[in-house]
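Both backbone and side-chain heavy atoms feed into the values below; hydrogens, waters and symmetry mates do not.
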Amino acid sequence: MIDETVRQIEEMETQSSSIVAVKAARALQELTDRECHTVEDFVRLVERNSSALQRANRSHAPLYTTQQRIVSDLKDADPDTVEAARTALLAAIDEVVTEVESSKERAAERAATLIDDGDTLLVHENSSTVMATLTQALDDGKVFDVYATESRPHFLGRRTARQLGAREGVDVTLIVDGAAGHYLPECDRVFTGMNCLIEDTVYNRIGTYPIVATANDVGVPATVVGSSSKFIGGGFTFTNSYRSASEVMLEPAEGFEVANPGYDATPTRLLDTVVTENGILEF
């Protein structure tokens, strides 16, 4: 399971950073079936596999923070037997997963209060927390329209359009990324997720920065939604991931290069709000 999870993270089969963190945390559960003769051997086993998961994508801050937390909690438990260490690992995993999932739900509940009945929203990519926000607003009985960007090169916006298209109370229009500026003047708010927030910069899926910058120019508030665990202090250095050229074009690139970065950086000064489970931060 761990090897398969590493592969999925490396190939970005799982897009949402919070979902990646949960999958990686749960993958460590298989280590409780491994035979170890001492507590020290078990802790080293967990550390080694946790490091492999973290190396799978150095862009995913929640992956880093949750894995660090699990290993730290295991050590802090100071188990005196291998069986106690297994129990401590499972407890640490459960606590982290519960915290990630509940934080997402509470952040979505807060962000949904920013949506008014009859709003027109622009949504970029397929953040699980943003989708939870829109679902909460629909469950509250609100009616609104959504422009969903395709979110190339993985076309995550198509997933957003399909998920919302199955719901009553929302009219969805899928647009190419380059059309965001054309439709933004019709919008009341932009919603996007975040991979992490470091100091005064939000790192998120590529295309976030130009959309937020354009929204700022035309006076449309932009809201980023995510759990507070994505506010990163020391110990983590964001490293962008550059994907294969084949994701952009199938035919060979002859005479030119193809650049395919996974993320871009958006200054918080361009945002209206950042919403977490702890509250709504205004800028």
Side-chain angles (χ1 to χ4, degrees), residues 1-24 27 52-64 121-131 134 146-166 170-184 187 190-196 202-215 222 224 226 238-266:
M1 182 178 177
I2 290 177
D3 290 343
E4 176 61 15
T5 302
V6 167
R7 185 195 65 76
Q8 290 175 351
I9 295 172
E10 287 176 339
E11 297 180 7
M12 296 179 71
E13 290 185 9
T14 302
Q15 299 294 340
S16 169
S17 58
S18 58
I19 291 177
V20 166
V22 168
K23 283 179 68 70
L53 288 162
Q54 292 174 58
R55 289 195 303 272
N57 191 324
R58 296 188 183 278
S59 302
H60 273 304
L63 173 62
Y64 168 84
L121 312 172
L122 187 140
V123 176
H124 182 56
E125 48 115 15
N126 189 246
S127 160
S128 60
T129 313
V130 170
M131 295 305 295
L134 302 178
V146 168
Y147 286 111
T149 60
E150 274 193 315
S151 307
R152 291 173 178 261
H154 290 278
F155 300 105
L156 301 179
R158 296 182 183 180
R159 188 182 305 169
T160 297
R162 291 190 186 99
Q163 291 171 346
L164 291 176
V170 55
D171 288 332
V172 187
T173 302
L174 183 68
I175 62 174
V176 298
D177 294 357
H182 177 78
Y183 290 104
L184 271 169
C187 297
V190 170
F191 275 102
T192 184
M194 65 173 164
N195 177 280
C196 61
V202 170
Y203 295 92
N204 195 52
R205 197 70 59 185
I206 197 73
T208 302
Y209 177 38
I211 288 173
V212 171
T214 305
V224 167
F238 180 84
T239 303
N240 209 338
S241 58
Y242 289 82
R243 307 295 300 165
S244 169
S246 64
E247 294 180 344
V248 178
M249 57 186 296
L250 297 178
E251 62 270 25
E254 298 179 356
F256 60 92
E257 299 292 329
V258 176
N260 185 19
Y263 303 89
D264 59 20
T266 302

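- In this structure Phe155 satisfies the ring-ring contact (aromatic ring centres under 6.0 Å, His included) test with no other residue, sequence neighbours excluded.
- What you find for Val130 and Gly193 is that their closest heavy atoms are CG2-N, 3.5 Å.
- Between the side chains of Ser17 and His60, no donor-acceptor pair of N or O atoms lies under 3.5 Å.
- Around the CG atom of Asn240, the shell of radius 6.0 Å holds more than 12 heavy atoms that belong to other residues, nucleotides or ligands.
- No side-chain heavy atom of Asp171 sits under 4.5 Å from any side-chain heavy atom of Thr173.
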Evaluate side chain to side chain contact (heavy atoms under 4.5 Å, CB included) for Val6 paired with Leu53, printing each intermediate quantity in order. CA-CA 6 Å; Val6 167; Leu53 288 162; 3.7 Å; yes
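- Taking both residues in full, the closest heavy atoms of Gly165 and Val172 are given as N-CG2, 4.1 Å, listed atom of the first, atom of the second, then distance.
- Taking CG of Leu63 as the reference point, atom CG of Asn195 lies at 9.5 Å (rounded to 0.5 Å).
- A distance of 12.5 Å separates CZ of Phe191 from CE of Met131, quoted to the nearest 0.5 Å.
- Side-chain atoms of Asp177 come within 3.5 Å of backbone N or O of Ser151 as a donor-acceptor pair.
- Counting heavy atoms from C-beta outward, Ile175 and Leu122 have side chains that approach closer than 4.5 Å.
- For Leu184 against Ala215, the heavy-atom pair with the smallest separation is CD1-N, 3.7 Å.
- The residue from Thr208, Thr192, Val190 that alone fulfils the side-chain contact (heavy atoms from CB on, under 4.5 Å) condition with Val224 is Thr192.
- Interatomic distance, Arg205 CZ to Ile211 CD1, rounded to the nearest 0.5 Å: 13.0 Å.
- Between Leu174 and Glu150 the shortest side-chain heavy-atom distance falls below 4.5 Å.
- Between Asn126 and Gln163, the shortest heavy-atom contact is ND2-OE1, 3.3 Å.
- The two residues Gly181 and Thr214 have their closest heavy-atom pair at CA-CG2, 3.9 Å.
- Every residue two or more places apart in sequence or in another chain that forms a ring-ring contact (aromatic ring centres under 6.0 Å, His included) with Tyr203 is listed here: Phe238.
- In this structure, Thr239 contributes its side chain and Ser59 its backbone to no donor-acceptor pair below 3.5 Å.
- Using a 4.5 Å heavy-atom threshold, the side chains of Ser241 and Arg58 count as separate.
- Distance check, rounded to the nearest 0.5 Å: CZ of Arg7 to OG1 of Thr5 gives 9.5 Å.
- At least one side-chain heavy atom of Leu164 sits under 4.5 Å from a side-chain heavy atom of Leu134.
- Of the possible donor and acceptor atoms, one in the side chain of Asp264 sits under 3.5 Å from a partner among the backbone N and O of Gly207.
- Annotation for Cys187 and Tyr147: closest pair SG-CD1, 3.8 Å, computed over non-hydrogen atoms.
- Under the 3.5 Å distance criterion, the side-chain polar atoms of His124 are left unmatched by any main-chain donor or acceptor of Gly157.
- Between the side chains of Ser128 and Ser18, at least one donor N or O lies within less than 3.5 Å of an accepting N or O.
- Between atom CE of residue Met1 and atom NZ of residue Lys23 there is a gap of 6.5 Å, rounded to the nearest 0.5 Å.
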